[in-house]
Amino acid sequence: MRIALQEDIHRLLQDYCIEQQLQYSRKRHIILDQILLQKDWIDAVDLWISMKRTVSVSCIYQTLRLFVSAGIVEKKMKEDRTKLFRIAIKPD
């Protein structure tokens, strides 16, 4: 993914946090960076493992919910009710 696009996505999240009166934290930044690296759908636990458990699973779930409501990440549910996530914004 292009660096400029990654910066635009981070800016979108920053703007959304300001609009919702939320803090744009380092943890949110790190989680967004990690999900930007993913090529396909990923669940929260696999994302947590890929981050070498640097943040809690509950933090990842809460942050992914925020990303979905901001329109940055999309979510789908598998038949076994596992929630999968991927970046919603694609390069041109």
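Every heavy atom of this structure was used, including side-chain atoms; hydrogens, water molecules and symmetry mates were not.
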To the nearest 0.5 Å, what is the distance between [atom1] ([X]) and [atom2] ([Y])?
| X | Y | atom1 | atom2 | answer |
| --- | --- | --- | --- | --- |
| Arg11 | Leu13 | CZ | CG | 12.0 Å |
| Trp41 | Thr82 | CH2 | OG1 | 13.5 Å |
| Ser25 | Ile31 | OG | CD1 | 7.0 Å |
| Tyr16 | Ile72 | OH | CD1 | 9.0 Å |
| Leu5 | Ile87 | CG | CD1 | 8.0 Å |

[X] versus [Y]: any side-chain heavy-atom pair under 4.5 Å?
| X | Y | answer |
| --- | --- | --- |
| Cys59 | Arg28 | no |
| Gln34 | Leu47 | yes |
| Trp48 | Thr54 | no |
| Phe85 | Lys76 | no |
| Met51 | Ile30 | yes |
| Lys83 | Asp43 | no |
| His10 | Leu36 | yes |
| Asp33 | Leu37 | no |

Worksheet item: Given the rule that I, L, V, M, F, W and Y join up when any side-chain heavy atoms are under 4.5 Å apart, are Leu22 and Phe67 in one cluster?
Response: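 In one cluster: yes.
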
Discussion item. Pair Leu12, Ile89 - check side chain to side chain contact (heavy atoms under 4.5 Å, CB included), show working.
Written reply: CA-CA 11 Å; Leu12 279 172; Ile89 301 166; 3.4 Å; yes

What's the shortest heavy-atom distance between [X] and [Y], and which atoms?
| X | Y | answer |
| --- | --- | --- |
| Ala88 | Gly71 | CB-O, 3.6 Å |
| Gln38 | Ser50 | NE2-OG, 4.1 Å |
| Ala44 | Leu64 | CB-CD1, 3.9 Å |

Discussion item. Quiz question: by atom type and distance under 3.5 Å, do the side chains of Tyr61 and Ser56 form a donor-acceptor pair?
Written reply: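 Result is no, nothing qualifies.
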
Fill in: Residue Gln23 excluded, over 12 heavy atoms near CD under 6.0 Å
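Atom CD in Gln23 is not packed in, count stays at 12 or less.
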
